[in-house]
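Take a look at the structure below.
Counting begins at 1 with the first residue of the sequence.
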Amino acid sequence: MSAEVSCKLDIMEVMSRYALASDAKDYSLLRSLFCDDATVAMQFDNEFLGGQGVHFSDPDSFIQFVTETAVDYRSSQHSLSNPLAEVVGETASLRLNLIATAFYKDATVPETTLYGFYDVSLKLSSKSWKIETLKFTSIGSK
């Protein structure tokens, strides 16, 4: 296996762990995937969280937001697809699609499904890939 293919698989594993950590509410795992100086930006459509955009200059603030937002969910499922990765030395860029469904603790509230894509930059740090910037753009929800 070529070094580039190996790096791309490692990068996809980071994002798979990101989805797993989000769904399992494993915030320690989630934090471990980010560089200490990582930034996060998310833009939601009008049907999800009122269309707000959120921006975080550190991963801990982002994880606090996720923790507070997920408190109403009994479970969620993040499905990532169509990864397009480019690796240049110890940096990488990645584009991938997201379909995420949240199931509420209150069973009378219907689930919410969010559609969109991530643009991610990663860097190789101590032999493991870490998220440096994470940008999510919603294209719709229901």
| field | Closest non-hydrogen atom pair, C35 against P59 | value | O-CG, 3.4 Å
| field | Under 3.5 Å donor-acceptor, S76 side chain and Y73 backbone | value | no
| request: Give a yes or no on whether a salt bridge exists between K142 and D45, defined as a side-chain N under 4.0 angstrom from a carboxylate O. | output: no
Side-chain donor-acceptor pairs of residues 105-124 under 3.5 Å, sequence neighbours excluded:
| unit_1 | atom_1 | unit_2 | atom_2 | d |
| --- | --- | --- | --- | --- |
| K105 | NZ | V71 | O | 2.9 |
| D106 | OD1 | T108 | N | 2.9 |
| D106 | OD1 | T108 | OG1 | 2.5 |
| D106 | OD2 | T108 | OG1 | 3.2 |
| T112 | OG1 | Y104 | OH | 3.0 |
| T113 | OG1 | T101 | OG1 | 3.0 |
| Y118 | OH | Y18 | OH | 3.1 |
| S121 | OG | T133 | N | 3.3 |
| S121 | OG | T133 | OG1 | 2.5 |

| request: State yes or no: do L30 and F65 share one hydrophobic cluster built from I, L, V, M, F, W and Y residues joined by side-chain heavy-atom distances below 4.5 Å, directly or via other members? | output: yes
List the atom pairs, donor and acceptor, that lie under 3.5 Å between side-chain atoms in residues 77-85 and the rest of the protein, sequence neighbours left out.
| unit_1 | atom_1 | unit_2 | atom_2 | d |
| --- | --- | --- | --- | --- |
| H78 | ND1 | D23 | OD1 | 2.6 |

| By salt bridge (charged side-chain N to carboxylate O under 4.0 Å, His left out), which residues pair with K25, not counting sequence neighbours? | none
| query | Do E4 and V88 come within less than 4.5 Å of each other through their side chains, counting heavy atoms only? | reply | no
| query | Between T39 and F62, does a side-chain contact (heavy atoms from CB on, under 4.5 Å) hold up when you go through it step by step? | reply | CA-CA 8 Å; T39 60; F62 167 64; over 6 Å; no
| said: Just to verify, what does D37 make a salt bridge (charged side-chain N to carboxylate O under 4.0 Å, His left out) with, not counting sequence neighbours? | reply: none
| message | If you apply the rule side-chain contact (heavy atoms from CB on, under 4.5 Å), what do you find for H55 with V40, and how did you get there? | response | CA-CA 6 Å; H55 304 275; V40 178; over 6 Å; no
| Min side-chain heavy-atom separation L94-M12 under 4.5 Å | yes
| Do any N or O atoms from the side chain of S32 and from the backbone of L29 form a donor-acceptor pair under 3.5 angstrom? | yes
| side-chain hydrogen bond (donor to acceptor under 3.5 Å, both in side chains) partners of residues 87-99, not counting sequence neighbours, each pair once | none
| query | Are more than 12 heavy atoms from other residues, nucleotides or ligands located less than 6.0 Å from atom NZ of K135? | reply | no
| Who are the salt bridge (charged side-chain N to carboxylate O under 4.0 Å, His left out) partners of R17, not counting sequence neighbours? | E13
| L96 and M15, any side-chain heavy atoms less than 4.5 Å apart | yes
| query | Roughly how far, to the nearest 0.5 Å, is OG of S22 from CG of L33? | reply | 9.0 Å
| request: Mind checking the CD1-OH spacing from I63 to Y27? Nearest 0.5 Å is all I need. | output: 9.5 Å
| request: With salt bridge (Lys or Arg N to Asp or Glu O under 4.0 Å) as the test, would you mind laying out the steps for R31 and D36 before giving the verdict? | output: CA-CA 9 Å; R31 177 61 182 90; D36 289 339; 2.9 Å; yes
| request: Could you please spell out the steps behind the side-chain contact (heavy atoms from CB on, under 4.5 Å) verdict for F44 and S141? | output: CA-CA 9 Å; F44 301 109; S141 62; over 6 Å; no
| task | Give the C-alpha distance, both sets of side-chain angles, the deciding distance and a yes or no for side-chain contact (heavy atoms from CB on, under 4.5 Å) between K8 and V87. | result | CA-CA 7 Å; K8 287 182 179 185; V87 178; 4.1 Å; yes
| Same cluster (ILVMFWY, side-chain, under 4.5 Å), F136 and I139 | no
| request: Report the distance from atom CG of D58 to atom CD of Q64, rounding to the nearest 0.5 Å. | output: 10.5 Å
| Does CD in Q43 sit with more than 12 non-hydrogen atoms of other residues, nucleotides or ligands closer than 6.0 Å? | yes
| remark: Heavy atoms of G89 and W129 approach each other most closely as O-CH2, 4.1 Å
